[in-house]
Protein chains: 2
Amino acid sequence: MAIKKEKVSKELILEAARNVFIEKGFDGARMQQIADRAGANKALLHYYFSTKESLFEDVFKEAFSTFAPHFHDELLKVKSFKSFLVFFLDIYIKLLLNHPYLPLFILSELQRNPDKLAQIVKGIVDFELIQQMIKKEMDDGNVVKMDVRELIVNILSLCIFPFAGRPMMQRVLWKNDEVGYVNFLNQRAESIYKFLESTLFINN
Amino acid sequence: MAIKKEKVSKELILEAARNVFIEKGFDGARMQQIADRAGANKALLHYYFSTKESLFEDVFKEAFSTFAPHFHDELLKVKSFKSFLVFFLDIYIKLLLNHPYLPLFILSELQRNPDKLAQIVKGIVDFELIQQMIKKEMDDGNVVKMDVRELIVNILSLCIFPFAGRPMMQRVLWKNDEVGYVNFLNQRAESIYKFLESTLFINN
DNA sequence: AAGTTATTTAACCATTTGGTTAATAAAATA
DNA sequence: TATTTTATTAACCAAATGGTTAAATAACTT
């Protein structure tokens with residue numbers, strides 16, 4: 001049986017690199033494995049992306065952009081923090097369901113190489129507008145007063161940890177029942193909202 | 001200046017291995033670096049711990065035992081979920097403050113090698129008693145009714161994520177102000193309690 | 001079609017890495 | 001003290017790994 005030869009290109013390599021790096025991390029990833037998964041010769045990786053570091057940086061930057069919450073347009077359209085929260089939880093949990101390995105990948109690579117990688121992704125994420133918006137809602141008496149950054153960390157904790165901590169949580173709390181855990185994750189946006197509702201909102 | 005020769009032993013090697021593995025992960029760790037940091041010859045690592053894998057497993061098991069919440073005695077002594085929560089947050093956040101790199105280490109290694117490592121740490125962590133206790137408190141009307149496992153995940157999220165997500169959170173929300181972030185972490189036990197109080201407890 | 005450029009590959013290469021060996025030094029034991 | 005066991009080391013080794021090179025093939029240009 002002849003080996004089916006497909007078009008090999010920069011994009012196929014990037015795609016393979018994404019998979020391998022996110023699965024194994026920078027240190028665990030092998031250029032040969034990326035080449036194999038792309039159906040390409042290893043030298044071709046160096047032809048398009050000069051070094052492993054450089055290829056990784058491309059992957060990381062893109063991954064970070066995906067993972068980092070973006071607020072631009074929806075922030076402006078929305079009329080209260082309450083509806084923002086509903087909206088945000090919906091899209092962000094959906095995103096994590098589509099990219100469940102991103103959190104741990106981003107966080108561990110960032111920890112292993114904080115300065116260099118932070119440099120690479122500088123300016124991609126910006127919480128300024130959100131912070132202002134929440135602050136205003138607190139001043140207006142719609143949201144319970146607390147440290148805004150703390151509130152954001154709490155919300156992100158509740159979103160991200162179930163994905164990042166899955167290898168542990170699923171085992172010890174769901175007795176390794178994958179279906180059950182996926183159900184839990186699928187409900188996550190609503191669960192978080194319900195959980196937070198009574199804590200956060202005044203005049204409800 | 002003569003090089004000071006100290007006693008080199010199994011414990012020094014383990015100590016060095018702990019540091020290096022937790023800092024770099026299994027794939028990023030180098031036996032030579034562990035040897036150097038222990039002030040020992042590389043062959044000595046293989047004398048005491050036969051392979052890198054085996055040395056890593058020892059380190060991982062110990063690290064997991066430290067990281068995993070333990071409930072034994074305090075669970076029995078405590079009279080309500082409310083006081084349990086106060087107690088738990090205090091000791092667990094203190095533990096994380098003392099071992100801030102553990103969460104990301106455990107979680108990423110567990111994700112890279114779930115089955116093997118889960119096998120190694122099987123039985124170390126057990127949430128059964130806690131779940132029963134919380135369930136009873138819900139039935140008694142002291143705690144708001146919800147899925148118990150979900151509640152536990154929420155609490156652990158709020159505890160662990162600020163540490164695991166520090167490389168990202170500190171930059172984007174604290175503008176890389178280390179002192180500010182450490183303050184935040186130091187307050188964490190109280191903050192979490194205050195945040196949860198209004199959500200969780202009935203008749204307060 | 002001829003010439004030029006871009007893509008792709010097989011074969012190498014130097015370095016790093018986990019691991020081994022055989023010999024030495026230090027303790028323990030008799 | 002003599003001997004046996006334990007601890008420690010320098011020197012190696014084979015495999016793996018990121019990276020290079022020079023040649024071949026395919027794709028454009030003219």
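Naming: A, B, ... by sequence-line order, numbering from 1 per chain. As a basis for the values below, the full set of heavy atoms in this structure was taken, side chains included, without hydrogen atoms, waters or symmetry mates.
- Checking C/dT20, D/dT21, C/dT8 against every side-chain atom of A/Y47, the shortest atom distance belongs to C/dT8.
- Rounded to an integer number of Å, the gap from CZ of B/F49 to P of D/dA7 is 12 Å.
- When each of A/M31 and B/K42 is assigned the nucleotide of DNA chain D with its nearest heavy atom, B/K42 is the one assigned upstream, toward the 5' end.
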message: For B/R166 and B/L185: C-alpha separation, side-chain torsions, deciding distance, then whether side-chain contact (heavy atoms from CB on, under 4.5 Å) applies.
response: CA-CA 10 Å; B/R166 177 173 180 175; B/L185 291 177; 4.0 Å; yes
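- Of the side-chain N and O atoms in A/R30, none sit less than 4.0 angstrom from OP1 or OP2 of D/dA16.
- Between A/F88 and A/F71, the ring planes lie tilted relative to each other; the angle falls in the 30° to 60° range.
- When the nucleotides C/dG19, D/dA10, D/dG19 are ranked by their closest atom to the side chain of B/H46, C/dG19 comes out on top.
- Protein atom CG of A/L45 is 11 Å distant from nucleotide atom C1' of D/dG19, rounded to whole Å.
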task: Take A/R171 and B/D115, measure what salt bridge (Lys or Arg N to Asp or Glu O under 4.0 Å) needs, and give me the verdict at the end.
output: CA-CA 10 Å; A/R171 294 223 177 226; B/D115 297 321; 3.1 Å; yes
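- Rounded to an integer number of Å, the gap from A/I34 CD1 to D/dG18 P is 8 Å.
- Between the side chain of B/K52 and the base of C/dG19, no donor-acceptor pair of N or O atoms lies under 3.5 Å.
- In this structure, of D/dT8, C/dT8, C/dG19, it is D/dT8 that holds the atom nearest to the side chain of B/L44.
- Distance CG (A/N41) to P (D/dG19): 14 Å, rounded to an integer number of Å.
- Note: CG (A/L55) to C1' (D/dG18) measures 12 Å, nearest angstrom.
- Ranking D/dA10, C/dT8, D/dA7 by closeness to the A/Y48 side chain, first place goes to C/dT8.
- If you measure from atom CD1 of A/I13 to atom C1' of D/dG19, you get 15 Å, rounded to the nearest angstrom.
- Counting only N and O atoms by type, the side chains of A/T51 and A/S54 include no donor and acceptor under 3.5 Å apart.
- Across C/dT21, C/dT9, D/dG18, the shortest atom-to-atom separation from the side chain of B/A43 is found for C/dT21.
- No engagement by B/A35 is indicated, since no non-hydrogen atom pair under 4.0 Å with the nucleic acid exists.
- When the C1' atom of D/dT9 is taken as reference, atom CD of B/Q32 falls 12 Å away, rounded to whole Å.
- Checking side-chain atoms of A/Y101 against main-chain N and O of A/A164 turns up no donor-acceptor pair under 3.5 Å.
- When rounded to the nearest whole Å, the span between CG of A/D36 and C1' of C/dT9 equals 14 Å.
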